[in-house]
Amino acid sequence: MTIIRLARATAIAALFGGTALAGTAFSTAAMAADRTMRISHQWSPGLPTAKLLDGFEKTVEEKSGGRLDVQIFPAMQLYKADQQHAAVAQGLIEATVIPDFTMGGTVPEMVVSLIPFLVRDEASVRAFPSSKVAELLEEKLRARMVEPIGWTVESRSLLITSNGRPLSEPDAFKGVKIRGLNPLYDKGLAALGATPTAMPAAEIYQALQTGIIDATVTGTTGALGRKFYEVQEYGVVAPGISFAKNVFLVNPDWWQNLPDDIRRIITDATDDMWTTSVEANLDPRADPAIEGLETAGMKMTVLDDAQSAALAQVMAPPVMSAFSEMGRDARRVVDLSRAE
């Protein structure tokens with residue numbers, strides 16, 4: 001057993017640059033018993049994904065009769081967003097939930113969610129966890145010393161804010177200085193004629209206020225929480241412009257040592273999380289943050305199918321081309337996404 005654990009630790013260290021995480025609340029020597037499930041995540045309490053995990057905690061503890069103690073640590077209390085995968089892989093905690101596209105540095109194919117308008121029909125959205133795409137991505141995650149046990153939908157739309165005029169058609173983007181998402185996605189914004197720039201979320205408000213940038217691409221909840229309505233006049237919601245998901249990861253050793261019935265309780269609960277998150281994101285018009293932004297004074301538009309198609313025609317090809325250039329498996333992901 002000692003030799004096996006040493007070999008595993010060596011493999012994990014190689015994956016993460018040869019070093020273990022430092023300054024964390026737990027060490028491998030202080031790993032919890034099999035009946036404890038510590039979940040670290042990045043969302044503040046009250047946000048949709050945080051609420052889903054609160055429901056998961058209640059359900060699992062009730063159905064396990066208290067045999068599994070679920071402990072949730074939100075808002076990066078234990079680890080920064082880019083440390084959580086490594087913490088699970090090293091066994092410092094049992095589980096985390098991570099946005100799929102933030103895993104792009106570890107599994108490049110995970111950023112497929114950022115290809116604009118790639119997945120648009122309801123049936124494909126609902127079927128994702130059992131799809132060939134999910135199967136391929138999960139195989140790659142297992143190679144990175146974690147076990148994927150479920151998914152949730154983070155968002156199927158994005159909010160594009162601006163002043164002067166709404167950015168609801170391709171020509172409106174020409175010459176606009178816009179805070180983008182990442183180098184891959186920003187190729188689509190550049191194709192529209194905008195000038196995308198990278199910027200930490202904490203700096204966006206001031207940059208909009210001072211005119212360093214003219215617009216931003218963000219989520220509706222984030223725009224409302226950061227009060228972008230104070231410095232931006234228009235908001236355009238583009239359904240299908242992304243298919244951002246979160247992946248539920250657990251430590252493989254911990255997972256395999258759980259009793260079968262406890263694993264089933266957990267996977268049933270993650271299935272419920274998927275269903276709930278899908279229903280909440282099918283109709284962007286039902287997003288309560290849109291109403292909140294309108295009440296605060298932002299002029300909101302939800303694009304119709306024709307308007308979304310016009311953006312897709314310009315944005316999707318360069319993003320898809322750049323994604324496909326990542327390698328054979330990236331091309332397989334695109335082909336599978338189109339087929340399903």
Side-chain angles (χ1 to χ4, degrees), residues 43-44 46-49 114 116-117 120 122 153-182 185-186 188-244 277 279-316 319:
W43 291 274
S44 299
L47 291 180
T49 300
L114 294 182
F117 306 102
R120 299 173 67 177
E122 181 178 326
V153 178
E154 180 64 18
S155 177
R156 293 185 59 240
S157 61
L158 287 171
L159 176 68
I160 306 168
T161 72
S162 62
N163 282 324
R165 59 180 176 178
L167 302 182
S168 56
E169 56 186 28
D171 287 346
F173 286 81
K174 296 187 185 305
V176 173
K177 296 176 292 184
I178 189 168
R179 188 263 189 175
L181 292 181
N182 74 355
Y185 192 87
D186 291 355
L189 296 173
L192 291 168
T195 304
T197 185
M199 182 178 297
E203 298 177 11
I204 298 174
Y205 183 98
Q206 186 175 9
L208 292 169
Q209 186 178 43
T210 58
I212 293 175
I213 55 175
D214 307 311
T216 186
V217 178
T218 185
T220 54
T221 302
L224 182 61
R226 296 189 180 101
K227 300 182 178 181
F228 288 172
Y229 51 80
E230 294 180 346
V231 290
Q232 295 276 267
E233 184 179 2
Y234 294 97
V236 172
V237 178
I241 199 169
S242 71
F243 184 26
S277 67
E279 295 301 327
N281 283 279
L282 283 179
D283 182 5
R285 294 167 185 81
D287 181 353
I290 293 178
E291 182 179 356
L293 290 166
E294 286 180 325
T295 301
M298 186 174 278
K299 299 173 183 176
M300 300 294 292
T301 300
V302 178
L303 298 186
D304 59 28
D305 289 344
Q307 290 170 311
S308 292
L311 289 181
Q313 187 175 9
V314 179
M315 294 183 71
V319 179

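Bear in mind the structure is a predicted one, so any value in this text is a computation, not a measurement.
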How far apart are the closest heavy atoms of [X] and [Y], and which atoms are they?
X: Ala238; Y: Leu303; result: CB-CD1, 3.9 Å
X: Ile178; Y: Leu189; result: CG2-CD1, 4.1 Å
X: Pro166; Y: Ala172; result: O-CB, 3.8 Å
X: Asp186; Y: Gly180; result: OD1-CA, 3.2 Å
X: Pro284; Y: Ile290; result: O-CD1, 3.0 Å
X: Pro239; Y: Ser157; result: CA-CB, 3.9 Å

Query raised in the report: Does Glu291 CD have over 12 foreign heavy atoms under 6.0 Å away?
Result: no
**Report entry** Crowding at CG, Asp304 (>12 non-hydrogen neighbours, <6.0 Å)
**Finding:** yes
**Report entry** Qualifying side chain to side chain donor-acceptor pair (under 3.5 Å) pairs with a residue from residues 166-176, counting only residues at least two apart or across chains
**Finding:** none
Requested in this report: Quick one: which residue pairs count as a side chain to side chain donor-acceptor pair (under 3.5 Å) with a foot in residues 219-241, not counting sequence neighbours?
Outcome: Thr161-Gln232, Tyr205-Glu230, Thr220-Asp287, Glu233-Lys299
Query raised in the report: Mind checking whether Phe228 and Leu159 have side chains closer than 4.5 Å, heavy atoms only?
Result: no
**Report entry** Ile204 backbone acceptor or donor facing Arg179 side chain under 3.5 Å
**Finding:** no
